[in-house]
Each structure stands twice: as structure tokens, then as C-alpha cells.
Amino acid sequence: MTDLDIRCATLSDIDSVLRFWREAAEGTSITDDHDGVARLISRDPEALLLAERDGVLTETVIAGYDGWRCSAYRLAVHPDYRRQGIAVALLEAAERRFLALGGRRIDAMVLESNELAHHTWGATGYHREDHWRRWVKSL
């Protein structure tokens, strides 16, 4: 995919990323706001990866690493750009980041109801672990 530009998000990208997520992402998160994304970028400037084609944002993924575990969140592809291999390219970029940081396994947060995402994750070598469940508490 030579026409795809993959880069790290900057603070100036926040508003466009939030607009993009409203259109392309499934579900919402308590941190889907300007302050939440700003904290992410400020704490780890390389965590939020963006894929662009001809200057148009086509996909995002958050590739977070806390020194213990690699976590992938917010893999979202714009509906007009799905099934073109963009998810594969961005996940490969995330995996390179994790390997460079010493990561050993990636945990991906994937909505149960998002079957299109299940296909994407499975096609890129990920598998579901049914013996784990996510427990959450909003602060």
C-alpha cells in the first residue's frame, strides 16, 4: 500500500479524530472527548496511529503499551475505505511499535456485536480468548 501514510497523531489532530470516530468507530467510550485524547497523546505521543490516503483520515488504532501489556483499541476504518487492506497495514505498524518496545502479546478490545471487526482481527492472526472477561468501573 504505497499510497497510505501511517503516522502518529498530534494534538492538532484531536478534533478530526473525534469526528472520524463518530462516523467510523463502533460504540463510544467515556474517554472519547478532547481531554481524553489529549491525555493519551501527551502521555504517549506514539500510541495513536493514523492512516491517511491523499490527506484523508481512513483509519485509526490506539497501540498502547504500559511496560507490561500491549493493548489495541479503537481500530476503526472509515466505511468508504473498508476491505482495502488498510486495517492490515495499520495493525502491522502497531505490531512493529510493540516489538520495538519489547512487547510480547497484544490484547485487543473488540465489541462482541461487531462481527465485521471479528473477521478483520481473525484474518490478521488474532484469536478470541473466551476464558477472559473485561471488568470495568467508571471513575
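For clarity, every value in this text was computed on a predicted model and none was experimentally measured.
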Q: In terms of hydrophobic clusters joined by side-chain contacts under 4.5 Å, are M109 and Y126 together?
A: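 No; tracing contacts between hydrophobic side chains, which count when under 4.5 Å, never links both residues.
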
Q: Begin with the C-alpha distance, continue with both residues' side-chain angles, and end with the deciding distance and a verdict on salt bridge (charged side-chain N to carboxylate O under 4.0 Å, His left out) for D80 and R53.
A: CA-CA 12 Å; D80 294 342; R53 182 176 282 160; over 6 Å; no

Q: Does any part of the side chain of R7, heavy atoms only, come nearer than 4.5 Å to the side chain of D5, both counted from C-beta?
A: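 Contact flag for D5/R7 side chains = yes.
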
Q: Please name the pair of heavy atoms, one in I6 and one in A89, separated by the smallest distance, quoted to 0.1 Å.
A: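 Between these two residues, the closest heavy atoms are CD1-O, 3.7 Å.
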
Q: Measure the CD-CG distance between E92 and L49 for me, rounded to the nearest 0.5 Å.
A: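 Reported value, rounded in 0.5 Å steps: 12.5 Å.
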
Q: Rounded to the nearest 0.5 Å, what separates atom CG in D35 from atom CG in L40?
A: 12.5 Å

Q: Identify whether the distance between the nearest side-chain nitrogen and carboxylate oxygen of D32 and R74 falls below 4.0 Å.
A: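 R74 and D32: salt-bridged.
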
Q: Between atom CZ of R39 and atom CD1 of I41, what is the distance when rounded to the nearest 0.5 Å?
A: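 Reported to 0.5 Å precision, the distance equals 12.0 Å.
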
Q: Residues two or more places apart in sequence or in another chain: which of them pass salt bridge (charged side-chain N to carboxylate O under 4.0 Å, His left out) with D130?
A: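 Scan of D130 (salt bridge (charged side-chain N to carboxylate O under 4.0 Å, His left out), adjacent residues dropped) gives R128.
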
Q: If you round to the nearest 0.5 Å, how far is CG of L91 from CZ of R96?
A: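 R96 atom CZ to L91 atom CG measures 10.5 Å (nearest 0.5 Å).
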
Q: Show the nearest heavy-atom pair for residues A63 and A94, with the distance to one decimal.
A: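 Scanning both residues, the minimum pair turns out to be CB-CB, 3.8 Å.
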
Q: Can you hop from L75 to F98 via hydrophobic side chains spaced under 4.5 Å?
A: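 Yes, it is one cluster - the side chains of L75 and F98 are joined through contacts under 4.5 Å.
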
Q: For the CG atom of L48 and the OH atom of Y73, what is their distance to the nearest 0.5 Å?
A: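 Spacing of CG (L48) from OH (Y73) equals 13.5 Å.
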
Q: Once rounded to the nearest 0.5 Å, what's the spacing between atom CG of L90 and atom CG of L50?
A: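 CG of L50 is found 8.0 Å from CG of L90.
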
Q: Under the side-chain hydrogen bond (donor to acceptor under 3.5 Å, both in side chains) definition, can you give me all pairs with a residue in residues 57-68, not counting sequence neighbours?
A: W21-T60

Q: Are L57 and L11 linked, directly or through other ILVMFWY residues, by side chains that come within less than 4.5 angstrom of each other?
A: yes

Q: Can D44 and R97 be counted as an ion pair, charged N to O under 4.0 angstrom?
A: yes

